[in-house]
Amino acid sequence: MKKDKRPPIFMTGRDGSTWMPTSYRTHTLGEIARGGSELIDTEVTISGYAEAIRGRGAICFLMLRDGTGHLQAFLKKDNLDEESFTNIQSANRESTIQVTGKVAQKRPPKVKEGEPTPAAEYEVVASSATILSAAEAPMPMGVTDKVNVELPTRLDNRHIDLRRSHVNAIFQLRGKILQYGREHLVTEGFGEMNSPKIIASASEGGTNLFPMKYFETEAYLSQSPQLYKQLAILGGLERVFEIGPAFRAEEHDTYRHLNEFISFDIEMAFANDEDVMCVQERMIHHIWKSVAENDQNLIDIINDWREQQEPPLNPITVDVPSLPFPRVEYSDAIEIIQAAGENITWGDDIEAHHADMIAAEYPGFYFLPRWPMSMKPFYIYHNSDEKGPGGGQLSRGFDLNYGRDEMCSGGQREHRTEILIENLKNMGLNPDDFSFYVDGFRFGAPPHAGWGLGVARLLMVLTGAGNVRETVLFPRDRRRCTP
RNA sequence: GCCCCGAUAGUGUAGUGGCCUAUCAUGAAGCCCUGUCGAGGCUUCGACCCGGAUUCAAAUUCCGGUCGGGGCGCCA
């Protein structure tokens, strides 16, 4: 490609980041669209997807889209060779096209008398143009068409669905959530780790695992990094986090469950449940605050789309939650649900429709600490003097909810070996099966706590998505294993 | 595992036994116009999931199948 004559100025990416010019473009579309006045008469090379190709005469308007925005290229038959002109003019939408030409201000549209003239817009007047890759027609689904496309069709064609601005924005925001989350944990001294996803046995019990063949023996896909995070803590890493997949072989089919999901986990030594709840609320606060400060453009893109729906959806807003988040202890939650007229007793699970009742009093994020020990896994800690109203043993396990939906569960972990073994027995598990884990506690173990947060569910809250499949690029559910 | 629901052009839909040679939008093909502005105008193309049954007549009713959707249960 043509070498840019500019000194090394960097392209501007979509979020103010610097993108180095590449062999296929000297500028991004967003850069020219936003900073066109500085670039007038500059020769540029741009590349993108053809979003609309209009004009069948001696002129052609080519609307291009790349990862940073949209820009029109103006092609005039006289200005470039006839073959390229004809090819572009008859190209299908979504073909990828490269254009070289000079930046110019667009001719202002005709406005009715009395109406204000719109802000100046820019375009590239093509001197040459090439189809990099021709798109076939028709598309399996439209990118800019106004027809609604159903989720299964979108997921079957996710690579095309992702070209739609609001879908693209959701996944850019996902990256931001992880970035800001990491950023925050690092400032609190956490280090990133990875645990194995191939495991020899059910690490916790309680959920169905996907069996797999590991050479000659049977193995499973990991349901959670839980036990390995703890082993890292026992080994003295003090503060760790992991962002990685978890697999559950449950045949559920709801808007919030998937069989493969990304869990954002932490584990922290010399800490209890309250300590790690504080880490979590500070982290979520940091994520929301950072999105509000830096990424309103992505929220705006989603809102543009929501406004165009029929009927229009309410705009989403990034409301930075105030600290601390409410703590609604399990026993109090049961009372709230009972007061709402529901037949529930201490020891019952709090289901989604129950959570609605709590959410009515505590909109937004709230913690549900101090669940009954009987409802929590064997590795959750308890103080024997902490009892519920009927005398039931309380645990130091907690959930984080947003509205009706569980975002996270966590707790202080049992670090006392004898009690750990007792818990396993009480829950009908054989301690011998967990020796690799239990033995870790025999040689000194710090009290510790941690949690696991569903990234896609958090992204649902941030983007207003009504289905977790919206916030996972290639979701794996009961029926879907492709693409 | 349980309970509902659905399947019509590439996409999204209308359709409740004959008016269906199947609606509309979007799309695609072509033409006209045009420095266009989610451009506009005209023409054309393109579909009833599969098998069986009822009926003079089935996209429409019934049975079976396949595929899919929603909810619940289950689920650190």
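In this text, all values refer to a predicted model and were calculated from it rather than measured experimentally. Letters A, B, ... mirror the listed sequences (proteins, then strands); counts begin at 1. The basis for the numbers below is simple: all heavy atoms, side chains too, and nothing from hydrogens, waters or symmetry mates.
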Interatomic distance where [atom1] belongs to [X] and [atom2] belongs to [N] [whole Å]:
| X | N | atom1 | atom2 | value |
| --- | --- | --- | --- | --- |
| A:Leu151 | B:rG71 | CG | C1' | 16 Å |
| A:Gln309 | B:rG38 | CD | P | 18 Å |
| A:Leu155 | B:rU11 | CG | C1' | 15 Å |
| A:Ile53 | B:rA29 | CD1 | C1' | 14 Å |
| A:Asp477 | B:rG70 | CG | C1' | 13 Å |
| A:Ile199 | B:rA76 | CD1 | C1' | 12 Å |
| A:Gln223 | B:rC74 | CD | P | 17 Å |
| A:Asp349 | B:rC72 | CG | P | 14 Å |

Next on the checklist: Using 30° and 60° as the class boundaries, would you call the ring planes of A:Trp346 and A:Tyr330 parallel, tilted or perpendicular?
Outcome noted: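 The rings of A:Trp346 and A:Tyr330 stand perpendicular, inter-plane angle above 60°.
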
Checklist entry - Using 30° and 60° as the class limits, which term best fits the ring planes of A:Phe378 and A:Tyr437: parallel, tilted or perpendicular? => result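 If you compare the ring of A:Phe378 with that of A:Tyr437, the planes turn out perpendicular.
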
Checklist entry - Pick the nucleotide of RNA chain B nearest each of A:Arg93 and A:Ala52; which residue has the one closer to the 5' end? => result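 Final value for this comparison: A:Arg93.
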
Item to check | 5'-most by nearest nucleotide on RNA chain B - A:Gly452 or A:Met63 | outcome: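 Checking each residue's closest nucleotide, the 5'-ward one belongs to A:Met63.
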
Checklist entry - Around A:Lys102, counting heavy atoms of other residues, nucleotides and ligands shown, do more than 12 lie under 6.0 Å from its NZ? => result no

Checklist entry - Around atom CZ of A:Phe74, are there more than 12 heavy atoms of other residues, nucleotides or ligands at under 6.0 Å? => result yes

Between [M] and [N] - [atom1] atom distance, rounded Å:
| N | M | atom1 | answer |
| --- | --- | --- | --- |
| B:rC5 | B:rG18 | C1' | 29 Å |
| B:rU8 | B:rA14 | C1' | 10 Å |
| B:rC74 | B:rG38 | C1' | 46 Å |
| B:rU44 | B:rA53 | C1' | 40 Å |
| B:rG17 | B:rC56 | C1' | 12 Å |
| B:rC37 | B:rU16 | C1' | 44 Å |
| B:rU43 | B:rU11 | C1' | 22 Å |
| B:rU13 | B:rA22 | C1' | 12 Å |

Item to check | Check against side-chain contact (heavy atoms from CB on, under 4.5 Å), A:Glu406 and A:Arg457 | outcome: CA-CA 8 Å; A:Glu406 183 182 329; A:Arg457 289 190 182 179; 4.0 Å; yes

From the set [options], return the single nucleotide nearest to any side-chain atom of [X].
| X | options | answer |
| --- | --- | --- |
| A:Phe61 | B:rG12, B:rA76, B:rU34 | B:rU34 |
| A:Glu251 | B:rG1, B:rG69, B:rA76 | B:rG1 |
| A:Lys146 | B:rC74, B:rG69, B:rG38 | B:rG38 |
| A:Val147 | B:rA76, B:rG69, B:rU11 | B:rU11 |
| A:Phe261 | B:rG10, B:rA76, B:rG35 | B:rA76 |
| A:Tyr255 | B:rG71, B:rU26, B:rA76 | B:rG71 |
| A:Asp145 | B:rG35, B:rU26, B:rG1 | B:rU26 |
| A:Pro377 | B:rU26, B:rG35, B:rA76 | B:rA76 |
| A:Glu123 | B:rG35, B:rG69, B:rA76 | B:rG35 |

Heavy atoms under 4.0 Å, any strand shown: does [X] hit a base, just sugar-phosphate, or nothing?
| X | result |
| --- | --- |
| A:Thr153 | sugar-phosphate |
| A:Asn467 | sugar-phosphate |
| A:Asp253 | base |
| A:Lys106 | base |
| A:Ser263 | base |

Checklist entry - To the nearest 0.5 Å, how far apart are CD in A:Glu329 and CZ in A:Phe398? => result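 Rounded to the nearest 0.5 Å, the CD-CZ separation comes to 13.0 Å.
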
Checklist entry - Hey, mind stepping through A:Phe325 and A:Tyr366 against ring pair (Phe, Tyr, Trp, His ring centres under 6.0 Å) and telling me if it holds? => result CA-CA 5 Å; A:Phe325 296 171; A:Tyr366 59 91; 9.8 Å; no

Checklist entry - Between A:Asn92 and B:rA29, does any side-chain N or O lie under 4.0 Å from OP1 or OP2? => result yes

Checklist entry - Is the shortest side-chain N/O distance from A:Arg248 to OP1 or OP2 of B:rC74 below 4.0 Å? => result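 For A:Arg248, the contact criterion (side-chain N or O under 4.0 Å from OP1 or OP2 of B:rC74) is not met.
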
What about [X]: does its side chain form a donor-acceptor pair under 3.5 Å with the base of [N]?
| X | N | answer |
| --- | --- | --- |
| A:His252 | B:rC74 | no |
| A:Gln308 | B:rG38 | no |
| A:Glu150 | B:rU11 | no |

Checklist entry - Which pair of heavy atoms, one from A:His27 and one from A:Leu39, lies closest together, and at what distance? => result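 Closest pair (atom of A:His27, atom of A:Leu39, distance): NE2-CD2, 3.7 Å.
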
What is the base-pairing partner of [N], counting Watson-Crick and G-U wobble geometry with both distances under 3.5 Å?
| N | result |
| --- | --- |
| B:rG1 | B:rC72 |
| B:rG6 | B:rC67 |
| B:rU11 | B:rA25 |
| B:rU61 | B:rA53 |
| B:rC31 | B:rG41 |

Checklist entry - Is the distance between the ring centroids of A:Tyr402 and A:Phe365 less than 6.0 Å? => result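 A:Tyr402 vs A:Phe365: aromatic centres under 6.0 Å.
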
